[in-house]
A.B. asks: 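Please see the structure below; I have some questions.
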There are 4 protein chains.
Amino acid sequence: MLIQLDFEIDKPIYLQLIEQIIAGIAKGQLQPGERLPSVRQLAADIGINMHTVNKAYQELRQREFIVIHRQQGVIIHPDGPPLADEQFRNTLEELLHPLIAESLCRQYSEDEFIQLI
Amino acid sequence: MLIQLDFEIDKPIYLQLIEQIIAGIAKGQLQPGERLPSVRQLAADIGINMHTVNKAYQELRQREFIVIHRQQGVIIHPDGPPLADEQFRNTLEELLHPLIAESLCRQYSEDEFIQLI
Amino acid sequence: MLIQLDFEIDKPIYLQLIEQIIAGIAKGQLQPGERLPSVRQLAADIGINMHTVNKAYQELRQREFIVIHRQQGVIIHPDGPPLADEQFRNTLEELLHPLIAESLCRQYSEDEFIQLI
Amino acid sequence: MLIQLDFEIDKPIYLQLIEQIIAGIAKGQLQPGERLPSVRQLAADIGINMHTVNKAYQELRQREFIVIHRQQGVIIHPDGPPLADEQFRNTLEELLHPLIAESLCRQYSEDEFIQLI
DNA sequence: GTGGTCTAGACCACG
DNA sequence: GTGGTCTAGACCACT
């Protein structure tokens, strides 16, 4: 899978990495059980530091998107990603709230909003 | 209008302030031309640093939600908030993208997503 | 509170740090809402690297023992530590299992075991 | 005796192996003098590296749970496992201490703790 | 001055 | 060769 990072915007690299991998899973490009590059490999490929990749992997592991084997490397969680729970819905709502507020202000209609999605 | 800040979450205070004011406009609690408290006043009211309020006001001014007069103080932009333009749509899409990706992963259906909105 | 680290044993420093702080809370030496030293301060005090302290703090935050404010520093979680849940019981059982097995082998009686606790 | 390894958790395989064998002795499934599979045999049976099995056996030998004969192979220590000594009690206490501290924090009562055991 | 992020380089345990 | 840990030093955002 192709990883596309943007070093110009101020979003942390490790977050971009996390989002790219989640997007890869969402699109089906990364299948449960599939192997990801090693920390060092991926770091070398995209020209960033090992620790930055590691930080992304650690958070993905904590959120149960991947499993990290000490020797065998990193694989997409074989059971698939975690399902939406109450906490996720709350977080999602919290993140969406300001976006919706601003859209309302700017008279960006609900339909357009949904269509964009 | 009541400002509600949460000092526990790691979202910067000035951002929370911006979002609260935009939400106030969205809800109609703040009308075009209406006067906002001065930087010092608001800072004292909610017990935060003056610079923090100033930073929020400056960004709101730059995004054309408010106008800052030397004498009259701070007022909601009399022409109303700016309309949605191409740039806004792009930013919005950029912010929504990772949320949608994760929702897809977690089998959070489109319907539920829209309903949440 | 006094932090006592042992650099000789092979238990990672950040883990020792986590355990010391949890023990401090258990003993009541650290009260909810109480402030902990800053990352840099604590690192300097015990002569270790800032990142090692940070790693410990991050894990304590994730486990909801502490709250990290961006500017105000680090405080013991005001609501007190999280209560025991199903997951904790399972983890505890998993960790205790091998200890109990070996104690049985070595004819270390149940009474002595409990007394030790 | 059935050996059950979990390659997903981050506990080293050789440690899991050690614990399983000790548990086997504790349960009486493995009797003093009983023969264990050879390093190669066991490695092949459970599909792991020979060195891993060897490492587990070496540690079990050093802790006097098993005896390794050049010709007869590996057998459970005929005198039975070593009894609890001062050192064992200290180690046990050291391992239990953080578990108890966290249990206290989480208001996991002593009774429940003992009952779990 | 606080934590957040990133880089760089080192040693170790594991298999 | 893999991830885990630790050190060291740098820049940045926030208040």
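In the text below, chain A, chain B and the rest are named by the order of the sequence lines, each starting its count at 1.
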A.B. asks: Would you say the side chain of D/Phe7 lies within less than 4.5 Å of the side chain of D/Ile48, judging by non-hydrogen atoms?
C.D. replies: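 The answer is yes, as the side chains (C-beta and beyond) meet within the 4.5 Å cut-off.
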
A.B. asks: OP1 or OP2 of E/dG4 versus the side-chain N and O atoms of C/Gln58: is any pair under 4.0 Å?
C.D. replies: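 Checking C/Gln58 against E/dG4: at least one side-chain N or O falls below 4.0 Å of OP1 or OP2.
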
A.B. asks: Please figure out whether C/Arg40 or A/Ile68 has its closest DNA chain F nucleotide nearer the 5' end.
C.D. replies: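 Final value for this comparison: A/Ile68.
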
A.B. asks: Send over the distance from D/Ile18 CD1 to E/dA13 P, rounded to a whole Å.
C.D. replies: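 Answer to the nearest Å: 15 Å.
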
A.B. asks: Could you give the CD-to-P distance, from D/Glu59 to E/dG15, as a whole number of Å?
C.D. replies: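 Roughly 12 Å, once rounded to whole Å.
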
A.B. asks: Could you tell me the separation between the NZ atom of C/Lys55 and the P atom of E/dT5, rounded to a whole number of Å?
C.D. replies: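 Distance, rounded to whole Å: 15 Å.
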
A.B. asks: Carefully, step by step, assess A/Val53 and A/Ile13 under the rule side chain to side chain contact (heavy atoms under 4.5 Å, CB included).
C.D. replies: CA-CA 9 Å; A/Val53 177; A/Ile13 295 175; over 6 Å; no

A.B. asks: Do you know the tightest heavy-atom contact between C/Arg35 and C/Gly73?
C.D. replies: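 Nearest pair, atom of C/Arg35 first, then C/Gly73: NH2-CA, 4.1 Å.
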
A.B. asks: Can you see if the side chain of C/Ser38 gets near the phosphate of E/dT2 - specifically, an N or O under 4.0 Å from OP1 or OP2?
C.D. replies: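 For C/Ser38, the contact criterion (side-chain N or O under 4.0 Å from OP1 or OP2 of E/dT2) is met.
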
A.B. asks: Starting at CD of B/Gln16 and ending at C1' of F/dC14, how long is that distance when rounded to a whole Å?
C.D. replies: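 In whole Å, F/dC14 C1' and B/Gln16 CD are 12 Å from each other.
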
A.B. asks: Over how many whole Å does the gap from C/Ile46 atom CD1 to F/dC6 atom P extend?
C.D. replies: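 Rounded to whole Å, this separation is 11 Å.
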
A.B. asks: Over all strands shown, is D/Tyr14 touching base, sugar-phosphate only, or nothing at heavy-atom distances under 4.0 angstrom?
C.D. replies: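 D/Tyr14: backbone/sugar contact only, no base atoms under 4.0 Å.
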
A.B. asks: Among D/Ile46, D/Leu42, D/Val74, exactly one meets side chain to side chain contact (heavy atoms under 4.5 Å, CB included) together with D/Pro37. Which residue is that?
C.D. replies: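 Only one of D/Ile46, D/Leu42, D/Val74 forms a side chain to side chain contact (heavy atoms under 4.5 Å, CB included) with D/Pro37, namely D/Leu42.
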
A.B. asks: Just how far, in rounded Å, is P of E/dA13 from CG of C/Asp10?
C.D. replies: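 Result: 8 Å.
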
A.B. asks: Can you measure A/Arg61 atom CZ to F/dG4 atom C1' for me and round it to whole angstrom units?
C.D. replies: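 Taking atom C1' of F/dG4 as the reference, CZ of A/Arg61 is at 11 Å.
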
A.B. asks: Which is more 5' along DNA chain F, the nucleotide nearest A/His51 or the one nearest A/Leu36? Just name the residue.
C.D. replies: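 Its nearest nucleotide being more 5', the pick is A/Leu36.
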
A.B. asks: Can you check the A/Asn54 CG to F/dG4 P distance for me, whole Å?
C.D. replies: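 Spelled out: CG on A/Asn54 to P on F/dG4 is 6 Å.
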
A.B. asks: Crowded around C/Asp10 CG? As in, over 12 foreign heavy atoms under 6.0 Å?
C.D. replies: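 Incorrect, the count does not exceed 12.
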
A.B. asks: So which heavy atom on D/Ser38 is nearest to which on D/Tyr57, and how close?
C.D. replies: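 For D/Ser38 and D/Tyr57, the tightest heavy-atom pair comes out as C-CE2, 4.4 Å.
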
A.B. asks: Check whether any side-chain heavy atom of D/Leu30 lies under 4.5 Å from a side-chain heavy atom of D/Leu36, and answer yes or no.
C.D. replies: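 Touching, per the 4.5 Å side-chain cut-off.
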
A.B. asks: Using a cut-off of 4.0 Å on non-hydrogen atoms, how would the nucleic acid contact of B/Ile48 be classed: base, sugar-phosphate, or nothing?
C.D. replies: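 The residue B/Ile48 makes no contact with any strand.
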
A.B. asks: Does D/Thr52 put a side-chain nitrogen or oxygen below 4.0 Å from OP1 or OP2 of E/dC14?
C.D. replies: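 Result: no.
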
A.B. asks: Which stems, defined as runs of 3 or more consecutive Watson-Crick or G-U wobble pairs with both pairing distances under 3.5 Å, involve DNA chain E?
C.D. replies: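 Detected stem regions: E:1-14 with F:1-14.
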
A.B. asks: Determine, for A/Glu94 against B/Lys11, whether the closest basic-nitrogen to carboxylate-oxygen distance falls under 4.0 angstrom.
C.D. replies: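 Salt bridge between A/Glu94 and B/Lys11, a charged N being under 4.0 Å from a carboxylate O: no.
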
A.B. asks: Of the listed nucleotides (E/dG3, E/dA10, E/dA8), which one gets closest to any side-chain atom of A/Asn49?
C.D. replies: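 So the nucleotide nearest the side chain must be E/dA8.
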
A.B. asks: By nearest heavy atom, map A/Leu15 and C/Gly73 onto DNA chain E; which one lands nearer the 5' end?
C.D. replies: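 It is C/Gly73, whose closest nucleotide lies nearer the 5' terminus.
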
A.B. asks: Just call it for C/Gln41: base, sugar-phosphate, or nothing, with non-hydrogen atoms closer than 4.0 Å on any strand.
C.D. replies: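 It contacts nothing in the nucleic acid.
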
